[in-house]
Amino acid sequence: MIMSMTGYGQAFTQTNDFQITVEMKTVNHRFLEYAIRMPREFSSLEELIKKKAASYLRRGKADIFISIERSAPVEQKLAINWQLAEEYYNTYQLLRERFSIEGESLRPMDLLALPDLVSKDEPKEDIEKYAQVILDCVELACQQLIHMRKSEGKNLEEDLTNRVRLVSEITEDIRLRAPLVVAHYQTRLTNRIKEFLSGKFEGDEGRILTEVAIFSEKANIDEELTRLASHCQQFFVIMQSQEPVGRKLDFLVQEMNREANTIGSKANDLEISKRVVDLKAELEKIKEQVQNIE
């Protein structure tokens, strides 16, 4: 089954205390990579979230956004660092004595403006209480994401099937043309000798056949065409696998390109060269599409 690496999923969960929103977006990547953004107080759940996502994903770069909104305001208290307050006050008294400052008095508001003297005392969240709720929401987002990736995968499979079939057709066209190239070379070589001898052909016919045989051997592309046709059939088989196939198909397209390049370099024929250009153009499009497959 073909599955795209591009997808998006979103899920919401409402509790008595929180509204949880999970958004997931995946794009192409050689390996599996995560970027998770969530409230700092829940960061201890990051590894569990990665493990949950990894049960659905094999490849791709996944951006996971988790927002948690409280249903009611959280009670907050201010905490005073009394030890630090005494240090500030003693320092203030020393300054007054040192510089003989009179008539100045330290107001409470002046103390409140001093760094680190007052801090917010927020109640710690019970992470375990909400862990499973958050993970369940992540799973729902993963399921939506996978649904979209499968849908995109169907489109990719249809496009790739058509393109690989076209590659097979071009390969067959070249196979039919290849024997004509050798026959054409033999005729051309014979005519040139005849022209050179002014129509009085008394040359060694065996020598001509030898030259044709050498040319035929150098220009023989049967093996490359056979391998290319085999790769096309293998491509269809791999696409039906239930495992991630992106890397296999990527390697296979490289092999197909290698055969196409060899055919282009060996085939001493304008028509075959034109078909090889068409062949390589299709293989390039196939390569681009394969980059999107998990």
Mind checking whether Ile36 and Leu48 sit in one hydrophobic cluster, side chains of I, L, V, M, F, W, Y counted as touching below 4.5 Å? yes
Are Glu172 and Arg175 side-chain neighbours, meaning at least one heavy-atom pair lies under 4.5 Å? yes
Give a yes or no on whether the backbone of Asp222 and the side-chain of Thr226 come within a donor-acceptor separation of less than 3.5 Å. yes
How close do Met5 and Gln291 get, counting heavy atoms only, and between which atoms? CE-O, 3.2 Å
Ionic contact status for Glu288 with Lys285, cut-off 4.0 Å: no
Would the distance check show the side chain of Ser168 and the main-chain N or O of Val164 forming a donor-acceptor pair, the cut-off being under 3.5 Å? yes
Classify the side-chain pair Gln132/Asp136 by whether it contains a donor and acceptor separated by less than 3.5 Å. yes
Within a 6.0 Å radius of atom CZ on Arg30, are there more than 12 heavy atoms belonging to other residues, nucleotides or ligands? no
Euclidean distance, Leu160 CG relative to Asn162 CG, rounded to 0.5 Å: 9.0 Å
Determine, stepwise, if the pair Lys248 / Glu243 fulfils side chain to side chain contact (heavy atoms under 4.5 Å, CB included). CA-CA 10 Å; Lys248 288 184 179 179; Glu243 297 295 321; 6.0 Å; no
Given Phe235, which of Met239, His231, Gln233 fulfils the side chain to side chain contact (heavy atoms under 4.5 Å, CB included) condition? Met239
Do Val22 and Leu140 come close enough that some side-chain heavy atom pair is under 4.5 Å? no
For the OH atom on Tyr8, are there more than 12 heavy atoms of other groups (residues, nucleotides or ligands in this structure) within a distance under 6.0 Å? yes
Evaluate the side-chain proximity of Thr26 to Leu57: yes if any heavy-atom separation is below 4.5 Å, no if none is. yes
ILVMFWY network linking Ile293 to Met148, side-chain heavy atoms under 4.5 angstrom: no
Using a 3.5 Å distance criterion without hydrogens, assess whether the side chain of Tyr130 forms a donor-acceptor pair with backbone atoms of Thr15. no
Hey, quick one: are Met3 and Val27 part of the same hydrophobic cluster, counting side-chain heavy atoms closer than 4.5 Å, chains of contacts allowed? no
CG of Leu45 to CD1 of Ile66, rounded to nearest 0.5 Å, is 8.0 Å
Closest non-hydrogen contact found for Lys287 with Val253 is CB-CG1, 3.9 Å
Heavy-atom pair with the smallest gap, counting every atom of Arg149 and Gly7: CG-CA, 4.0 Å
Going by an N to O cut-off under 4.0 Å, is there a salt bridge joining Glu223 and Arg227? yes
Is there a chain of hydrophobic side chains (I, L, V, M, F, W, Y, each step under 4.5 Å between heavy atoms) that links Leu249 to Phe236? yes
Heavy atoms from other residues, nucleotides or ligands near CD of Gln83 exceed 12 (cutoff 6.0 Å): no
Measure across Val138 and Met24 and return the closest heavy-atom pair with its distance rounded to 0.1 Å. O-SD, 4.2 Å
Between Tyr34 and Glu46, do the side chains contain a donor N or O and an acceptor N or O under 3.5 Å apart? no
Between Glu255 and Arg258, is there a side-chain N and carboxylate O pair less than 4.0 Å apart? yes
Which value, rounded to the nearest 0.5 Å, describes the distance between Tyr56 atom OH and Ile146 atom CD1? 8.0 Å
Will you find, in the side chains of Glu69 and Gln14, an N or O donor that is under 3.5 Å from an N or O acceptor? no
Considering residues, nucleotides and ligands other than Glu158, do more than 12 of their heavy atoms fall under 6.0 Å from its CD? no
Met38 vs Ile49 side-chain heavy atoms within contact, under 4.5 Å: yes
Using 0.5 Å steps for rounding, measure from the CZ atom of Phe12 to the OG atom of Ser67. 8.0 Å
Any side-chain heavy-atom pair from Asn81 and Asp116 closer than 4.5 angstrom? no
Can you check whether Glu139 reaches Gln143 side chain to side chain, under 4.5 Å on heavy atoms? yes
Could you check whether atom NE2 of His147 has more than 12 heavy atoms from other residues, nucleotides or ligands sitting under 6.0 Å from it? no
Charged N-O contact under 4.0 Å between Glu282 and Arg163: yes
Under the 3.5 angstrom rule, does the side chain of Gln144 hit a backbone N or O of Gln10 as a donor-acceptor pair? yes
Is there side-chain contact between Leu228 and Ile263, with at least one heavy-atom pair below 4.5 Å? yes
Would you say Glu294's side chain and Arg58's backbone share a donor-acceptor pair under 3.5 angstrom? yes
For Ser241 and Ile238, indicate whether the former's side chain and the latter's backbone hold a donor-acceptor pair under 3.5 Å. no
Mind checking the CD1-CG spacing from Ile174 to Leu279? Nearest 0.5 Å is all I need. 5.5 Å
Distance (rounded to the nearest 0.5 Å) between Gln19 CD and Cys137 SG: 9.5 Å
Could you walk me through whether Lys61 and Asp63 pass salt bridge (Lys or Arg N to Asp or Glu O under 4.0 Å), step by step? CA-CA 7 Å; Lys61 184 179 185 301; Asp63 289 311; 3.1 Å; yes
Check Val276 against Ala260 and note the closest heavy-atom contact, atom names and distance. CG1-O, 3.7 Å
Sidechain-backbone polar pair: Asp250 side chain, Gly246 backbone, donor-acceptor under 3.5 Å: no
So Gln289 and Asp159, do their side chains get closer than 4.5 Å, heavy atoms only? yes
Can Asp269 and Arg177 be said to form a side chain to side chain contact (heavy atoms under 4.5 Å, CB included), step by step? CA-CA 9 Å; Asp269 178 70; Arg177 174 70 184 178; 3.0 Å; yes
Keeping the roles fixed (side chain from Thr171, backbone from Ala229), state whether a donor-acceptor pair exists under 3.5 Å. no
Do Phe65 and Ile134 sit in one hydrophobic cluster, given that two such residues count as connected whenever their side-chain heavy atoms are within less than 4.5 Å of each other, even indirectly? no
Minimum heavy-atom distance Ala11-Ala141, with the two atoms named: CB-N, 3.6 Å
Checking Cys232 against Met256 for the side chain to side chain contact (heavy atoms under 4.5 Å, CB included) test, could you report, in this order, the C-alpha distance in whole Å, the side-chain angles of both residues, the deciding distance, and whether it holds? CA-CA 8 Å; Cys232 289; Met256 294 168 78; 3.8 Å; yes
